Every structure is written in C-alpha cells, then in structure tokens.
Amino acid sequence: MKILAALTLLAAPAVAAAQDRHLQSPNGAIDVTIGQDSATRGPTYAIAVHGRPVIDMSPLGLAFEAYKKLGPDTNVTGAVRTSVDTRYRLIAGKTSTARDHYNELTLNLIETGGARRRLDIVFRVYDDGVAFRYRLPVQPGFTDLRLSGELTEFAFPADYRCWGLNLGRFDTSHEGEYDPVQASQVRPHNLFEMPVTCRTGAGDTSFAITDADLHDYAGAYLTGRETGALGFATRLTPRLDDAGIAVKANVRTTGLVTPWRVVMLADTPGKLIESTILTSLNPAPKGDFAWVKPGKTAWDWWNGPTLRALPAARA
C-alpha cells in the first residue's frame, strides 16, 4: 500500500530566507533543521536525534570551475512536502521485503543576483537516516555544466570517534583497513572512502556517512573541513580527461540530479547493518530476476590461493 500526500507551501522570498524549516522522521525521533547561513546566505542543514544534535549546521551547495558557487546568496521561492509509505521486495540481501517510509521536503532556491540560477535541494528523513540531493532544473542560459565539487559538509558538535578507510589518493584499488580515527585528527588532505562510521558517545547514537544512486556523476570521498572545524567535507573525484573538474554534462534538456548524500542513524552499530535505507534510495533493478535463487558462492581470491598452497605447506 502506498500513501502519498503532497503539500506545496509558497512564501515570499524575504520571509522564507529568514525562516528555519523542520522535517521529522515518521516516528518523530529524527529532526532535520533546514536554514540559511547568516554570512553567506546559503542553505544549511542540521540533524538531531531524540533532541540531541548529531550533525551541526552545515553548508550545502555546488561548486563550479573558476571558484564559482551555487548555493550562497540564494532565496527560497517554494517548498513541497511529501510523505511516502510503501513496501518492496529485495531480490537478494538481508531481508525479503523492505519498507520505504519517509517524509520529504523539496526546497526551490534562486540566486539573488547574477544569472539568477535555480537550484532545488531534496531532503528525505527515514526512521533510520537522512538523505539529501541537489537538482538543477532545466533553465534558460544554463546548458553546459562543469562542476568542480560540492559545498556539502557534515559538521560535528563534538570530537566523535570514527572508523574509516583513508585512501589518501583517488587512483587506488579501494582496499584497506577501516581504522579508528578521532574527528579532530581528520585533515583536508585526507581522502576517506565512504562509508565513514562514527559514534556520538558510549551508548549513544551511531551513524554512517555514505551515498546512494550514483549515476553519471563523480564518485565522492570524505575529507577534513578547510576551516579545521570538526567534521567532514565532500570531495569529488576529478575527471581523467579534465582534472580541473569532476562532472561535465549537457543540462540543456534534462537538467542534473546528483547522488543522495546519506547519514544512516541508529541507537547501536548493529542496527546500521539492519537498515535498508540504501536500497530504498537506489533505483529498483531493471529486468527479470525470477531465475535468482539463494545459495552459496565462492571467490577465488578468498579460497583459490589458500587451497593451492596447502599441498606445498604439508610437504
């Protein structure tokens, strides 16, 4: 069963710019505050769980080549709220059925000057996490996109203990150990693979920062914030054929939709494993999967070299 209710709220830009908006999870435990930075006049967000801050007010927006940005100096022109509750089957995984249950808020932004470009930011709040993404609608004069990065950050209110894989560069096999690291030790030159998992304190909230629905877009890493403040910033992988940018696209007729930036949330680390928020955020697989059956599998990297070495070891 699917329940879909939408409410469009329009407000004058001068009023909307100064007003914080709240979006809560269906069970009310998670609260997202969407506001505006007083200095940059750009969009911000913060996350609280059971009334306790987990992510402090953090900036949002996109960065283009030549240090141009889209996010600062914008006003809100509209907001759409939606609630969805449906179930779907998983072809394989931790459960046979999953529930896609969330509250959503889409903000429509426009620059106050210059080219007056438009940007939408979509927020979703589940009982087990928060997701948001950027959407560039089709608009006059905006045809060729050359994106160098995002302004997306995850500000921490305290020095959390985290676990992550610091690869240090873009051209790796994405293999290594997830080591413990204090948030205060993370530096802007670090490149942490997603997810990075953190705990706010003993017996408190556990969370993981990751992404979903990556399609026709650069992969992202987590790095230290340039200001040196606690938390992580997002860094996109540069293109091999044009290292000055990360994403190149013709947005004349289709616009652009970015991957979801996701903060998975749970009372214990084990419940992060139980979460199905990522399968809910990723598009359903296409095709006929009736032939897929549960079973065992083997991978030669795990058992091949070991088994071949056994006879020699006995000799």
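Model, not experiment: these values are computed from the prediction.
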What pairs with Arg252 under salt bridge (Lys or Arg N to Asp or Glu O under 4.0 Å), at least two apart in sequence or on another chain? none

Contacts of type side chain to side chain contact (heavy atoms under 4.5 Å, CB included), residue Arg161, not counting sequence neighbours: Trp163, Pro180, Gln182

What residues, two or more places apart in sequence or in another chain, satisfy salt bridge (Lys or Arg N to Asp or Glu O under 4.0 Å) together with Arg52? Asp204

By salt bridge (Lys or Arg N to Asp or Glu O under 4.0 Å), Asp120 pairs with (sequence neighbours left out) Arg135

Salt bridge (charged side-chain N to carboxylate O under 4.0 Å, His left out) test vs Glu111 passes for just one of Arg116, Arg117, Arg118, namely Arg117

Tell me if a side-chain donor or acceptor on Thr258 pairs with a main-chain N or O of Arg133 at a distance below 3.5 Å. no

Is it true that a side-chain atom of Ser184 and a backbone atom of Asp159 form a donor plus acceptor pair closer than 3.5 Å? no

Output all residues satisfying salt bridge (Lys or Arg N to Asp or Glu O under 4.0 Å) with Asp241, sequence neighbours left out; order by chain, then residue number. Arg239

ring-ring contact (aromatic ring centres under 6.0 Å, His included) against Phe132, all qualifying residues, sequence neighbours excluded: Tyr45

Checking Ser58 side chain against Asp56 main chain: does a donor-acceptor pair fall under 3.5 Å? yes

When hydrophobic residues are tied together by side-chain contacts of less than 4.5 Å, even through go-betweens, does Leu214 share a cluster with Leu236? yes

Are Pro26 and Asn103 side-chain neighbours, meaning at least one heavy-atom pair lies under 4.5 Å? yes

Stepwise side-chain contact (heavy atoms from CB on, under 4.5 Å) test for Asn75 and Arg41: CA-CA 8 Å; Asn75 280 337; Arg41 293 185 59 79; 3.0 Å; yes

Do Arg99 and Asp127 have side chains that approach each other closer than 4.5 Å (heavy atoms only, starting at C-beta)? no

Least distance between heavy atoms, Val196 atom then Cys162 atom: CG1-CB, 4.1 Å

Find out if a path of hydrophobic residues (ILVMFWY) with successive side-chain heavy-atom gaps under 4.5 Å connects Val125 to Leu105. yes

Taking Thr237 for the side chain and Gly219 for the main chain, is one N or O donor matched with an acceptor at less than 3.5 Å? yes

Is there side-chain contact between Leu70 and Tyr134, with heavy atoms separated by less than 4.5 Å? no

Beyond-backbone contact of Leu136 with Leu62, side-chain heavy atoms, under 4.5 angstrom: yes

Applying ring-ring contact (aromatic ring centres under 6.0 Å, His included), name anything that partners Tyr178, two or more places apart in sequence or on another chain. none

State yes or no: do Ile245 and Val247 share one hydrophobic cluster built from I, L, V, M, F, W and Y residues joined by side-chain heavy-atom distances below 4.5 Å, directly or via other members? no

Is there a donor-acceptor contact under 3.5 Å from the side chain of Ser275 to the main chain of Leu272? no

Would you find more than 12 non-hydrogen atoms of other residues, nucleotides or ligands less than 6.0 Å from His215 atom NE2? no

Who else is in the cluster with Leu240 when I, L, V, M, F, W and Y are joined by side-chain contacts under 4.5 Å? none

Between Thr279 and Tyr88, does a side-chain contact (heavy atoms from CB on, under 4.5 Å) hold up when you go through it step by step? CA-CA 10 Å; Thr279 55; Tyr88 59 95; 2.7 Å; yes

Please tell me if the side chains of Pro43 and Leu109 come closer than 4.5 Å, counting only heavy atoms from C-beta onward. yes

Set of residues satisfying ring-ring contact (aromatic ring centres under 6.0 Å, His included) with respect to Tyr126, sequence neighbours excluded: Tyr102

The criterion is ring-ring contact (aromatic ring centres under 6.0 Å, His included); which residues satisfy it with Phe207, sequence neighbours excluded? Phe156, Tyr160

Should Gln36 and Val76 count as side-chain neighbours, where that means a heavy-atom distance under 4.5 Å? no

So Thr33 and Met57, do their side chains get closer than 4.5 Å, heavy atoms only? yes

May I have the list of side-chain donor-acceptor pairs in residues 221-233 shorter than 3.5 Å, sequence neighbours left out?
{"from": "Tyr221", "atom 1": "OH", "to": "Phe170", "atom 2": "O", "distance (Å)": "3.4"}
{"from": "Thr223", "atom 1": "OG1", "to": "Arg187", "atom 2": "O", "distance (Å)": "3.4"}
{"from": "Thr223", "atom 1": "OG1", "to": "Pro188", "atom 2": "O", "distance (Å)": "2.6"}
{"from": "Thr223", "atom 1": "OG1", "to": "Asn190", "atom 2": "O", "distance (Å)": "2.7"}
{"from": "Arg225", "atom 1": "NE", "to": "Glu153", "atom 2": "OE1", "distance (Å)": "2.7"}
{"from": "Arg225", "atom 1": "NH1", "to": "Leu230", "atom 2": "O", "distance (Å)": "2.9"}
{"from": "Arg225", "atom 1": "NH2", "to": "Glu153", "atom 2": "OE1", "distance (Å)": "3.2"}
{"from": "Thr227", "atom 1": "OG1", "to": "Ala229", "atom 2": "N", "distance (Å)": "3.3"}

Dump the intermediate steps for side-chain contact (heavy atoms from CB on, under 4.5 Å) on Trp260 and Asn282, then the final yes or no. CA-CA 9 Å; Trp260 293 102; Asn282 280 289; over 6 Å; no

Are the side chain of Lys94 and the backbone N or O of Ile273 linked by a donor-acceptor pair below 3.5 Å? yes

Keeping Thr112 on the side-chain end and Asp73 on the backbone end, is there a donor-acceptor pair under 3.5 Å? yes

Can you tell if the side chain of Leu265 reaches within under 4.5 Å of the side chain of Ile47, non-hydrogen atoms only? yes

Exercise answer: donor-acceptor pairs, residues 140-151 side-chain atoms, under 3.5 Å, sequence neighbours excluded:
{"from": "Arg146", "atom 1": "NE", "to": "Glu65", "atom 2": "OE1", "distance (Å)": "3.2"}
{"from": "Arg146", "atom 1": "NE", "to": "Glu65", "atom 2": "OE2", "distance (Å)": "2.6"}
{"from": "Arg146", "atom 1": "NH1", "to": "Asp242", "atom 2": "OD2", "distance (Å)": "3.3"}
{"from": "Arg146", "atom 1": "NH2", "to": "Glu65", "atom 2": "OE1", "distance (Å)": "3.4"}
{"from": "Arg146", "atom 1": "NH2", "to": "Asp242", "atom 2": "OD2", "distance (Å)": "2.6"}
{"from": "Ser148", "atom 1": "OG", "to": "Ala63", "atom 2": "O", "distance (Å)": "3.1"}
{"from": "Ser148", "atom 1": "OG", "to": "Phe64", "atom 2": "O", "distance (Å)": "3.1"}
{"from": "Glu150", "atom 1": "OE1", "to": "Thr152", "atom 2": "OG1", "distance (Å)": "2.8"}
{"from": "Glu150", "atom 1": "OE1", "to": "Arg261", "atom 2": "NE", "distance (Å)": "3.2"}
{"from": "Glu150", "atom 1": "OE2", "to": "Tyr217", "atom 2": "OH", "distance (Å)": "2.8"}
{"from": "Glu150", "atom 1": "OE2", "to": "Arg261", "atom 2": "NH2", "distance (Å)": "2.9"}

Determine, stepwise, if the pair Asp213 / Leu281 fulfils side-chain contact (heavy atoms from CB on, under 4.5 Å). CA-CA 7 Å; Asp213 196 11; Leu281 291 168; 5.8 Å; no

